[in-house]
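Values reported hereafter were calculated over all heavy atoms of this structure, with side chains retained and with hydrogens, waters and symmetry mates removed. Keep in mind that this is a model prediction, so the values were computed, not measured.
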Amino acid sequence: MIVELSHRIVDGMVTYPGIPAPKLGEHLSREDSRKVYAPGTEFHIGMITMAANTGTYLDTPYHRYPDGPDLSQVPLTKLADLPGLVVRAQGGGREVVLDHRLDVRGKAVLIHTGWDRHFGTDAYAHGHPYLAPESAKWLAGQGAALAGIDSLNIDDTPPQGERPAHTILLEAGIPLVEHMTGLAELPDEGFRFHAAPPMVAGMGTFPVRAYAIVP
């Protein structure tokens with residue numbers, strides 16, 4: 001079974017307040033293409049203008065550090081066919097603290113908060129859950145392969161605030177996937193996770209089609 005873990009990107013959607021919405025258009029319409037090709041043959045070539053932080057997207061170390069690997073430099077072994085582990089947020093508080101008894105080494109650790117239910121609404125941007133800084137340090141120390149969350153941000157987002165989870169995890173070479181969805185459909189473990197972006201040089205973030213394969 002394949003489980004979809006990404007939000008759909010549509011024209012004008014808001015992912016993160018203050019980041020421009022994507023604009024979808026055409027380079028070549030089907031009607032115009034009929035003038036280019038043989039009768040009965042037509043194509044559509046679309047265009048999209050968007051910020052890299054749109055929809056469900058991946059953060060690479062370059063997003064935080066100028067000398068870190070960018071989208072074209074992070075190896076597929078950190079992004080695809082990873083053993084997955086879902087951590088369910090407990091207690092209803094905003095700060096998610098991980099159980100240090102978990103085996104996270106080499107795994108994609110996906111934090112299920114349920115906040116994706118607010119995606120596309122004003123509520124999504126306010127009071128969102130985030131990963132506790134001490135848990136980010138623990139993930140880095142334990143050698144997690146990747147971290148993901150179905151919330152606005154893996155960090156708390158006060159104005160001009162620090163971003164400790166980004167700072168710690170990206171410094172350790174651990175990519176992040178934010179604005180996930182569908183984590184409720186996954187088992188706690190026993191699945192394979194995939195979230196590979198295009199190989200764009202000089203960029204630190206980009207949307208991904210994140211998904212899991214469950215036996």
Please name the pair of heavy atoms, one in M50 and one in P22, separated by the smallest distance, quoted to 0.1 Å.
CB-CB, 3.7 Å
Between the side chains of D188 and R88, is the shortest nitrogen-to-carboxylate-oxygen separation below 4.0 Å, so that they form an ion pair?
yes
Approximate separation, where rounding is to 0.5 Å, of R64 CZ and T167 OG1:
3.5 Å
Using a 3.5 Å distance criterion without hydrogens, assess whether the side chain of R163 forms a donor-acceptor pair with backbone atoms of G161.
yes
Does any N or O in the side chain of S6 come within less than 3.5 Å of the main-chain N or O of V208, such that one atom is a donor and the other an acceptor?
yes
Side chains of R94 and D156: closer than 4.5 Å at any heavy-atom pair?
yes
Residue that, paired with D116, satisfies side chain to side chain contact (heavy atoms under 4.5 Å, CB included) out of T181, I149, L183:
T181
Side chains of P17 and L152: closer than 4.5 Å at any heavy-atom pair?
yes
Run the side chain to side chain contact (heavy atoms under 4.5 Å, CB included) test on L5 and T56 for me, step by step, so that the C-alpha distance in whole Å, both residues' side-chain angles and the decisive distance to 0.1 Å come before the verdict.
CA-CA 8 Å; L5 302 175; T56 302; over 6 Å; no
Side-chain contact test, heavy atoms from C-beta onward, threshold under 4.5 Å: evaluate it for V104 versus W138 and give yes or no.
yes
Should L71 and L58 count as side-chain neighbours, where that means a heavy-atom distance under 4.5 Å?
yes
Mind running side chain to side chain contact (heavy atoms under 4.5 Å, CB included) on F191 and L85 for me, showing each step along the way?
CA-CA 8 Å; F191 61 91; L85 173 68; 5.7 Å; no
Taking CG in D99 as the centre, count heavy atoms belonging to other residues, nucleotides or ligands within less than 6.0 Å. Is the count above 12?
yes
Please test H118 against H126 for side chain to side chain contact (heavy atoms under 4.5 Å, CB included), starting from the C-alpha separation and ending with a verdict.
CA-CA 10 Å; H118 298 301; H126 304 286; over 6 Å; no
Taking L102 as the starting point, is it possible to reach L110 by hopping between hydrophobic residues whose side chains are less than 4.5 Å apart?
no
Working to the nearest 0.5 Å, report the span between CD1 of I9 and CG of L24.
8.5 Å
Counting only heavy atoms from other residues, nucleotides and ligands, does the tally under 6.0 Å from CD of Q73 exceed 12?
yes
With no hydrogens and no angle check, do the side chains of H166 and D59 hold a donor and an acceptor under 3.5 Å apart?
yes
For V97, the hydrophobic cluster (side chain heavy atoms closer than 4.5 Å, chained through members) also holds none
Where is the tightest heavy-atom contact between F193 and L146, given as atom of each residue plus distance?
CE2-CD2, 3.6 Å
Check whether the side chains of T157 and H128 place a donor and an acceptor atom closer than 3.5 Å, and report yes or no.
yes
Between T113 and P129 (side chain of the first, backbone of the second, donor and acceptor by atom type, cut-off under 3.5 Å), is there such a pair?
no
Tell me, yes or no, whether the heavy-atom count around R117 atom CZ, taken from other residues, nucleotides or ligands under 6.0 Å, exceeds 12.
yes
How close do A52 and M203 get, counting heavy atoms only, and between which atoms?
CB-CE, 3.4 Å
From R209 atom CZ to R8 atom CZ, the distance as rounded to the nearest 0.5 Å
10.5 Å
Can you see which heavy atom on Y130 is nearest to which on I154, and at what distance?
CB-O, 3.5 Å
Separation between CE of M180 and NE2 of H7, rounded to the nearest 0.5 Å
9.5 Å
Between K23 and D11, does any NZ, NE, NH1 or NH2 come within less than 4.0 Å of an OD or OE carboxylate oxygen?
no
Looking at CD1 of I168 and CG of L139, how far apart are the two atoms once the value is rounded to the nearest 0.5 Å?
9.5 Å
Would a distance-only check, ignoring hydrogens and angles, find a side-chain to backbone donor-acceptor pair under 3.5 Å from S135 to L131?
no
Between K78 (side chain only) and G173 (backbone N and O only), is there a donor and an acceptor less than 3.5 Å apart?
yes
Under 3.5 Å donor-acceptor pairs involving side-chain atoms of residues 41-49, not counting sequence neighbours:
from, atom 1, to, atom 2, distance (Å)
E42, OE1, R34, NE, 2.8
E42, OE1, R34, NH2, 3.2
H44, NE2, E26, OE2, 3.3

Would you say M199 and V74 are hydrophobically clustered, going by side-chain heavy atoms of ILVMFWY under 4.5 Å?
no
Y62 versus G204, closest heavy-atom pair with distance
CD2-N, 3.6 Å
Short side-chain to backbone donor-acceptor contact, D150 and H112, under 3.5 Å
no
Between S151 and W115 (side chain of the first, backbone of the second, donor and acceptor by atom type, cut-off under 3.5 Å), is there such a pair?
no
Using the rule that two of Ile, Leu, Val, Met, Phe, Trp, Tyr join whenever any of their side-chain heavy atoms come within less than 4.5 Å, decide whether L82 and L186 are in one cluster.
yes
Under a 4.5 Å side-chain heavy-atom rule over Ile, Leu, Val, Met, Phe, Trp and Tyr, are L169 and V96 clustered together?
yes
Check whether V14 and F119 end up in the same hydrophobic cluster, where Ile, Leu, Val, Met, Phe, Trp and Tyr are linked by side-chain heavy atoms less than 4.5 Å apart.
no
Considering non-hydrogen atoms only, spot the tightest contact between P175 and A145 and give its length.
CD-O, 3.2 Å
May I ask you to check whether T205 and N53 show a side-chain donor-acceptor distance below 3.5 Å?
yes
Is there a donor-acceptor contact under 3.5 Å from the side chain of K137 to the main chain of P133?
no
Y124 versus H179, side-chain donor and acceptor atoms under 3.5 Å
yes
Test Y65 against L170 for side chain to side chain contact (heavy atoms under 4.5 Å, CB included), laying out the working first.
CA-CA 8 Å; Y65 298 101; L170 294 177; 4.2 Å; yes
Spell out, as yes or no, whether a donor-acceptor pair under 3.5 Å connects the side chain of R192 to the backbone of D81.
yes
Just by distance, with hydrogens left out, do T60 and D70 show a side-chain donor and acceptor under 3.5 Å apart?
no
